[in-house]
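Working notes for the structure below.
Proteins get letters first, then strands, A, B, ... in listed order; numbering begins at 1 in each. Everything numeric here is computed off the predicted structure, so don't read it as measured data.
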Protein chains: 2
Amino acid sequence: MKLKDLAAQLGLSQTTVSRALNGYPEVSEVTRARVVAAAKRHDYRPNVRAKALATGRSMAIGHVLPVSNSHEMVNPVFADFIAGASETYTRSGYDLVLSVVPDEEQESHYRTMASKQSVDGLLVHSPRPDDPRIPLLQKIGIPFVVHGRDSEVADYSWVDINNRRAFRRATEFLVDLGHTRIGLLNGREDYEFARRRRAGVEEGLAARGLRADPALMYSDEMTEQYGYRAASALLALDAPPTALLASSTIIAFGIRRAAIERGLVLGRDLSLISHDDVLSYFRNGDEEPLFTAIRSSVWEAGRRAAEALIRQIADPDTLPQILLEADFVIGTSTGPAPKTNAKRKA
Amino acid sequence: MKLKDLAAQLGLSQTTVSRALNGYPEVSEVTRARVVAAAKRHDYRPNVRAKALATGRSMAIGHVLPVSNSHEMVNPVFADFIAGASETYTRSGYDLVLSVVPDEEQESHYRTMASKQSVDGLLVHSPRPDDPRIPLLQKIGIPFVVHGRDSEVADYSWVDINNRRAFRRATEFLVDLGHTRIGLLNGREDYEFARRRRAGVEEGLAARGLRADPALMYSDEMTEQYGYRAASALLALDAPPTALLASSTIIAFGIRRAAIERGLVLGRDLSLISHDDVLSYFRNGDEEPLFTAIRSSVWEAGRRAAEALIRQIADPDTLPQILLEADFVIGTSTGPAPKTNAKRKA
DNA sequence: GGGTGCATCCAAAGCGCTTTGACGATGGAC
DNA sequence: GTCCATCGTCAAAGCGCTTTGGATGCACCC
């Protein structure tokens, strides 16, 4: 069933039928009702390809997921982010076209997408410092929103959380509890978000007159095993940290394992604050938060980013920039610095 | 730069340019070379929308992810499966259009996709028993591949692992080690894969003359906390199981936590076999497997499913059905049934 | 020299939709 | 009774590509 058939059936022209269905005012309400009823009856839905060609808009948004080719790793964060975004797209009639592309092919892939004109806008994931994709897209002139920022002054549209502030705050919280040896199990610091988090920790320490100890700072792909191994190494030090900051709940799981294995109780012997993306399958406790955490739902971020992109497509002059503040939730994994350590320092 | 411009520039007709670029034989090699060179020089790439309209093929595959609307949960398994599929699509020039749709809207969403003609084929995730989507798609007549099967005799294309056999084998392995009280921490049993796994366990027990104890069988969304809570409950029984089967590595993490917390050593005090989808962020150990496991990469399954679908689109008469056998890898989490329990039974 | 066959290329139609520009009908103002 | 808006409708062009059905030129053969 195509437009032509439907028009013939109704004894109307294609023009009128098209207008009726798309809500143009030049058609009488009685005709519109007839057309809409007939369309529903025949389950008519316009062919998107033809529509796209005629309007020049494909009603699709591109997401390009970078995958570390060496590891074949895809971060579970993406699943939730995309689920959030997809929700918004579906509601607005957009499709989401996804491609998973090895790091080194990113740039050429973006170029291809743009010249094929298969999408009306792009969502850029995981920006690196001085990410080449951004000037590329600006040059091409296609609407895009970045999840994260590649620098403090970013002249493009983005959605990000205030990583620096959140980690600074968490750090100060720990220092105020008496902790002075604080470790950080960060994500890969060739990504901006991880750099900001580290900067936040350093600022927090500095603000309280402490200095960051590089020996307590780790950075890697955020797996459970990384959390376990790094925490085990840290806890085996002569002067182990009394508190740890983790860049993800998954890392925190690994830390907890290392702690339990040593008979340490979180919140008493070792304090732990985790960043919590509120991932579907890695909830930080149920009703009660398990870990004290910097919490910001990445699902929600996906939703917001999608909205920002759609807004920008509608009006290319707006460049939405959305900074989400993370919640700071107190769980059972933090407490005052243990006496023994205090003594050791004295 | 469009075809017309390129043709004009070269002093050729659109026909010839189009043929040259698409590898048709009716064009001389010298002309083809000229055209290809010019296309590269101008970074010409055909507009996919126009191409799709002209050819009737949109060069896109649809994936519809079900999301339990109540929980807003998206299974991390999808991320790896889709990454694998996307790899294949990209290589074959297909786009992947993704939608995340609440359970109850699944059917209407499939219907819409088909009538909009925006995709050439569909990949169906997470089949339920007697899943209505399957007859629907058969009626519509669009090529599709199901990840999993909704029944033992399935007259459509699917890619699945031999869940039943794998869990049967794991169960027998445990019984042969002397375990008689064996628990199962399964996924949601309103999905086919979980039913098969349970059936496999029951078969394995029956084959060794044992009966399944419903009190030792759990079923739920596969989170770490579910694993922890269910295992804790089981271990607190008067006659606790000496061995557990887990439907995912994430559940196994939870079980391990419960075990460690009780001072139990996996492989000595409690045996554990997990299903391992080889998810990016939940590796079962690094070089050495941590858990004894039924292993089958879901990334690979995505790749195979995508290949099957593309094959089917090319030749609708083939209905590829691919049954992957899982590896059985021995880790450190299994061992003979502890004496104390053996005594208790005697 | 006229036919045959092949290699190369082209004009134009068509994919299913939107949108421009025009047209007949109606009704109110004068 | 004429004129002019306004309304409701339509025919046709166009989106950028593929593909059908020739057209042209040239070598080859009898």
Side-chain angles (χ1 to χ4, degrees), chain A residues 1-39 42-60 93-95 112-120 314, chain B residues 1-36 38-39 42-60 93-95 112-120:
Chain A
M1 176 59 61
K2 38 196 196 182
L3 187 59
K4 201 160 136 189
D5 305 336
L6 192 63
Q9 185 125 141
L10 283 162
L12 290 170
S13 74
Q14 293 190 42
T15 311
T16 305
V17 176
S18 170
R19 294 213 146 126
L21 292 174
N22 292 317
Y24 282 75
E26 302 94 328
V27 58
S28 73
E29 280 313 318
V30 39
T31 309
R32 188 193 306 282
R34 260 183 73 215
V35 171
V36 167
H42 294 97
D43 194 36
Y44 168 76
R45 218 120 14 175
N47 178 313
V48 281
R49 301 189 294 238
K51 192 162 180 161
L53 183 58
T55 57
R57 320 209 305 123
S58 50
M59 293 308 281
Y94 280 89
D95 281 338
T112 307
M113 293 206 89
S115 61
K116 284 199 309 178
Q117 304 195 56
S118 48
V119 295
D120 297 331
Chain B
M1 173 62 60
K2 39 195 193 178
L3 187 61
K4 201 159 137 189
D5 304 338
L6 192 62
Q9 186 127 139
L10 283 162
L12 290 170
S13 74
Q14 292 190 43
T15 312
T16 305
V17 176
S18 170
R19 296 211 143 130
L21 292 175
N22 291 317
Y24 282 76
E26 302 94 328
V27 57
S28 74
E29 279 313 316
V30 38
T31 308
R32 188 192 307 281
R34 259 183 73 215
V35 172
V36 168
H42 295 96
D43 194 36
Y44 168 76
R45 219 124 9 178
N47 178 315
V48 283
R49 300 190 294 239
K51 193 163 180 161
L53 183 58
T55 58
R57 321 211 302 123
S58 51
M59 294 307 284
Y94 280 89
D95 281 339
T112 308
M113 291 206 90
S115 62
K116 284 199 310 178
Q117 302 194 56
S118 50
V119 296
D120 297 330

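- Within 4.0 Å of B/Arg49, counting heavy atoms only, lies no atom of the nucleic acid at all.
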Checklist entry - Between A/Arg32 and A/Val35, is a side-chain contact (heavy atoms from CB on, under 4.5 Å) present by the stated rule, with each step listed? => result CA-CA 5 Å; A/Arg32 188 193 306 282; A/Val35 171; 5.7 Å; no

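- For DNA chain D, the residues of residues 3-16 of chain B within the heavy-atom distance limit of 4.0 Å (strictly under) are B/Leu3, B/Gln14, B/Thr15, sorted by number.
- The span of DNA chain C lying next to chain A, judged by atoms under 4.0 Å from heavy atoms, is bounded 5' to 3' by C/dG16 to C/dG21.
- The distance from the CD atom of B/Gln9 to the NE2 atom of B/His42 is 4.0 Å, given to the nearest 0.5 Å.
- Rounding to the nearest 0.5 angstrom, the gap separating the CG atom in B/Leu6 from the NZ atom in B/Lys4 is 13.5 Å.
- Qualifying side-chain contact (heavy atoms from CB on, under 4.5 Å) partners for B/Glu26, counting only residues two or more places apart in sequence or in other chains: B/Arg19, B/Tyr24.
- Taking B/Asp43 as the reference, B/Arg45 meet the side chain to side chain donor-acceptor pair (under 3.5 Å) condition, with sequence neighbours excluded.
- Among residues two or more places apart in sequence or in another chain, the side-chain contact (heavy atoms from CB on, under 4.5 Å) test is passed with A/Ala50 by A/Asn47, B/Leu53.
- Minimum heavy-atom separation, A/Leu21 to A/Tyr44: CD1-CE2, 3.7 Å.
- At its two ends the helix from C/dG1-D/dC30 to C/dC30-D/dG1 runs along axes set 60° apart, each axis drawn from five pairs and the angle rounded to 10°.
- For residues 48-58 of chain B, the pairs satisfying side chain to side chain donor-acceptor pair (under 3.5 Å) are B/Ser58-B/Asp120, with sequence neighbours left out.
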Could you tabulate the donor-acceptor pairs under 3.5 Å formed by side-chain atoms of residues 10-17 of chain A, not counting sequence neighbours?
from, atom 1, to, atom 2, distance (Å)
A/Ser13, OG, A/Thr15, N, 3.4
A/Ser13, OG, A/Thr16, N, 3.2
A/Ser13, OG, A/Thr16, OG1, 3.1

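- In this structure a side-chain-to-backbone donor-acceptor pair under 3.5 Å is present from B/Asn22 to B/Ser18.
- Residues from residues 27-35 of chain A with heavy atoms under 4.0 angstrom of DNA chain D, sorted by number: A/Val27, A/Ser28, A/Thr31.
- A search for side-chain contact (heavy atoms from CB on, under 4.5 Å) contacts involving A/Val119 returns A/Ala60, A/Val97, A/Met113, A/Leu122, A/Ile142, not counting sequence neighbours.
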